[in-house]
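Presented below is the structure to which this report refers.
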Amino acid sequence: MAQQLRPSKPADKQSKIDWSRKQEAENFAETVKLFRQGKIDPDMFRRFRLQHGAYGTRMTDDYAMVRIKVPAGQVYPNQLEKIAQLSEMYSIGSAHFSTRENIQLHWVILEDVSEIMQSLSDVGMTSREACGNTVRNVMCSPMSGVCKDEIFDTTPYALAIARFMLRNPICQGLPRKFKFNFTCCEKHGMIRIVDVGLLPQIQEIDGEKRKGFKIFLGGGLGNRSFVGHQLEDFTPVEDLLYTSMAVIRIFDRMGDRKNLSRNRMRYLVNDLGWEKFQNLVLKERAVVKATQSVIVKLNIDDSVNEIQRPISVNDESASVPDGYARWEKTNVEKQSQSGFNSVFIGLEAGDITANQLRSVAEIIRDYSAEGFARNGFSQNIVIRYVHDDDLKSMYSRLLETGLAKTGSLTMASAVGCSGTTSCNLALTNSHRLAKEVQRKFLELNYDDDDDLKDSTVKISGCPNSCGQHQIATIGFYGGGGRHGTDMFPNYTMSLGGKFDEDAMLGHHTARVPVKRIIPVILKIIELFKENKQSDDTLAKWIDRVVSGNESSKITCVDDIKKAIAPLIVPPNIEDEPDFYMDYGSDTNYHTVTGKGECAA
Amino acid sequence: MCSMIDSDIPIINSKLLREKIQQNSIRIVDVRREQEYQQSHITNAVNLPLAKLLADDSSESIQKIAQDLGISDETPAVIYDDTFGALSSRVVWALQYIGHKDVKLLDVTFSQWKDLGYEISTEVPEIETAIHSVKINPEIMATAEYLEKVKENKNVVIIDNRERLNYLEQHIPGAINIPYRTLASDGKILRTKEGMKTLLKNRGISEDAEIITYCGSVGTLSGLAYYALKSIGVPNVKLYVHSFKEWKSLEKPIDKQENANYWDLSAE
């Protein structure tokens, strides 16, 4: 057996930035006590709690969800191990990766939240400003720094903005939450569906190549969704901070603080009209620049990450593990750095057990030459800088721990918000539905089907958008339906959503009872297969259908509606009692919701 | 024979045990399975697989087990396991229940003991049987009947030590949940005293309350909680040793967290 010794394993990498403040934990514990003694007004307490990253839980005041921020998605092995431990001590033994690169612990007893905050600070993490009317976790594409199509790595800028905004007085009482997304390229980020989206650009000015951004403002998903507008042709990096401050100042000053259901910045942009808003931002930026008494600068750490391939013993004669080819095809992206790969670890609707978290930490140490991981945009984890020669062995390790699910980069990895598993607003169990869809797709080998690769399925449990259904090729949001006097979970399906440079919100198509969602998706795929062109994909085909540019048997959304109509007729409850029950429930469906806290 | 530590707290520090290990007067009991014990154990330890104790936990049976292990009324005993202290807690509690006055829970597991680099052996010590009396210690035990009678009392706190999801799904009405995992700290089966006090303080649990712990079926996880409370000197703690399994079989009232599908958040 040919065994080859590799360079030595680097020391465990730890976050250079400490996002925590120890005293916040103690303060939180004290405040909870005062609240329980009735010495603090419940509304005031709620705002305080959200400011510290503890969200309410479905139908109870006893529990909270702790949302741990992971700025730019960069997460370190010791942090994952700490979260594993905390999930067993204070939560349900699993943690949840969100669509905004946070890691959440659900069903935490409110009185224990301070202990979590205390422990997080041991590994430099915080939940501060992860909820509430604040600047939420600053996202960055998980491929930033390794993407083949990127102009430069925006990670240091994302981290610098996160640092500047966290605990900044101006961000403590915004009219509503505020989101930044940085990306590497159009394909990997979601820059047009957030308040501020940033795409890296290089422009030659006076013969000098200068770094900057295309900045998109006023996008966002929700009960009403909007696609962001580009502020100007090119914003140099020196203006990143001024522009961000200007936008936040305008939103702070002019945002609607009364009407909680429509006070995200996108409504302000929509109400004023883009041109007016754009002018306001440009003027405000000039004022910000001119009136600062000292030069305020972002703290940008663009020192190069040390890339050192960990030690591993490569047994070249070892057999290729079963399923490796399919896994590699559907979970691995080649990096711009030759010989290195980014491995996407798919989770079911973002859930991971404590033991799996510990395994991921070990696998990062053993395989990633950069020594940390990135949280993805689709409830997943990305381990980067894995050498070509180590992929097979890494796959074996992932298999051992149940993390080698195929199809992470395909339609099979359906996104689902937490739904009725923990959210007060949820009408349906969207979380479980996403898992059911994924299991069905994998069973049918859809992850291996190139025609389906660039499509997505995303599911929300209510008309709000935590599941990002509007930007999915096939999206769903939950509600209730009625047949006679009997209720059943009923989702609204939208088709043709996109989040790339042609960002578009999905087209509402039909209402689909929960137990018919899988048959309806399969029917749509069948229609596509019958009518597709030779090098077509489902996403392209649906795009043509919803925009009326399809010339086959199916020419428009109404044709799809007709084709699925027989599938969505409710049966009588006596004939099919299961139809009237949501996933994960053995009793008849009825809608129950509590008070939402998205707009606290 | 000498008592190993003066304090009433029935927990012994691993370093202290190490110093005393050569004294043949101490009976160290390993409660793992027999084959695990045979592979290696703390030097001088004897084996009592927990299953043997659980098979019949009448006081006569516990008495016989103690005698067969050479534990007399005066023999200082130390118990350990490799299951985060839950199995050993249950054995310590059983011996205290029949009136043994000098039995202590080792504050580390066998794995942690090995990590410390302390002495292990494969040698099986010879055991000379001893005589042990039975002087039942009723105040450390709670029965279903007792629990039902006192659970509404203001000064009574019932603690469920199962995992969160099990608790949410069903629990004894009025019980609060402290999952057993909450009780450990890095490298030890229990929290620091300060950490344990903070936990109770945050939860609003008075150390003067009468606290009854329970878990799934045999009082292991709740046994660990029993000693976590004892470690900070909580005076009035009882173990509902037959726990939730019995409570359910007696068809006593049960509470659940309604209208939420929390199980579907688990990645198991």
Side-chain angles (χ1 to χ4, degrees), chain A residues 26 29 32-33 36-37 57-60 62-63 85-96 104 106-115 118 347-357 402 416 418-424 426 429 431-433 435 582-585 590 592-594, chain B residues 83-86 157 159-171 173-192 194-206 216 221 224-225 228 255-268:
Chain A
E26 214 167 296
V32 169
K33 236 172 266 162
R36 290 295 197 208
Q37 292 162 1
T57 293
R58 188 169 178 79
M59 304 301 143
T60 168
D62 296 340
Y63 298 91
Q85 187 186 33
L86 295 174
S87 78
E88 290 178 329
M89 291 173 80
Y90 303 108
S91 177
I92 59 167
S94 289
H96 172 76
Q104 297 177 176
H106 290 263
W107 292 97
V108 173
I109 290 175
L110 181 59
E111 277 75 2
D112 289 346
V113 171
S114 62
E115 297 230 359
Q118 188 78 38
L347 309 169
E348 283 190 341
D351 297 338
I352 185 166
T353 67
N355 282 334
Q356 288 175 330
L357 278 169
S418 66
T420 51
T421 65
S422 77
C423 174
N424 252 325
N429 191 349
H431 198 71
R432 171 73 175 270
L433 175 60
K435 294 183 179 187
D582 202 348
Y583 282 111
S585 176
H590 57 290
V592 183
T593 56
Chain B
T83 315
F84 41 85
V157 178
I159 300 181
D160 181 327
N161 300 109
R162 296 172 303 152
E163 289 168 6
R164 181 65 34 86
L165 287 171
N166 297 109
Y167 170 82
L168 289 171
E169 191 179 39
Q170 42 186 355
H171 56 261
I176 60 165
N177 183 217
I178 299 183
Y180 63 96
R181 294 277 188 192
T182 315
L183 305 169
S185 55
D186 289 336
K188 297 228 165 149
I189 62 171
L190 295 175
R191 288 182 164 228
T192 60
E194 195 196 3
M196 191 63 200
K197 280 175 176 285
T198 306
L199 178 71
L200 295 188
K201 197 170 134 233
N202 285 344
R203 292 289 198 93
I205 302 169
S206 161
L221 307 178
L224 182 66
D255 260 6
K256 96 176 261 204
Q257 188 70 38
E258 301 275 5
N259 290 317
N261 305 98
Y262 29 81
W263 279 100
D264 287 328
L265 265 174
S266 168
E268 291 285 1

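Fair warning: this is a prediction, and the values are worked out from it, not measured in the lab. FYI, side chains are in, hydrogens and waters are out, and symmetry mates aren't considered; it's all heavy atoms of this structure. Proteins get letters first, then strands, A, B, ... in listed order; numbering begins at 1 in each.
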Inset, instruction - Taking the side chain as every heavy atom from C-beta outward, state whether B/Q257 and A/D62 have any atom pair closer than 4.5 Å. - result: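 When only atoms from C-beta onward are counted, A/D62 and B/Q257 do not touch, as no gap falls below 4.5 Å.
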Legend entry - Flag side-chain contact, heavy atom, 4.5 Å: B/L168 against A/W107: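 The answer is yes, as the side chains (C-beta and beyond) meet within the 4.5 Å cut-off.
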Report yes or no: does [X] contribute a side-chain atom to a donor-acceptor pair with the main-chain N or O of [Y] at less than 3.5 Å?
X: B/T182; Y: A/M89; result: yes
X: A/T421; Y: B/D264; result: no
X: B/N261; Y: A/G584; result: yes
X: B/R181; Y: A/Y90; result: no

Per-residue contact mode, [X] against chain B (heavy atom under 4.5 angstrom):
X: A/V32; result: neither
X: A/I109; result: both
X: A/Q85; result: side chain
X: A/E348; result: neither
X: A/Y583; result: backbone
X: A/S114; result: side chain

From [X] [atom1] over to [Y] [atom2], what is the distance, rounded to the nearest 0.5 angstrom?
X: A/N424; Y: B/N259; atom1: CG; atom2: CG; result: 11.0 Å
X: A/S94; Y: B/W263; atom1: OG; atom2: CH2; result: 10.0 Å
X: B/L265; Y: A/K435; atom1: CG; atom2: NZ; result: 6.5 Å
X: B/R203; Y: A/E115; atom1: CZ; atom2: CD; result: 8.5 Å

Please state whether the side chain, the backbone, both or neither of [X] comes within less than 4.5 Å of a heavy atom of chain A.
X: B/E268; result: both
X: B/Y180; result: neither
X: B/L199; result: both

Inset, instruction - Count the heavy atoms belonging to other residues, nucleotides or ligands that lie under 6.0 Å from CD of B/E194, then report whether that count exceeds 12. - result: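 Open: at most 12 neighbouring heavy atoms sit under 6.0 Å from CD of B/E194.
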Inset, instruction - Considering only heavy atoms and a distance below 4.5 Å, find which of A/Q118, A/H431, A/Q356 pairs most often with chain B. - result: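 Maximum pair count with chain B is reached by A/H431.
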Inset, instruction - Write down the atom of B/N202, the atom of A/E111, and the distance for their closest heavy-atom approach. - result: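 Closest heavy-atom pair between B/N202 and A/E111: O-CG, 3.0 Å.
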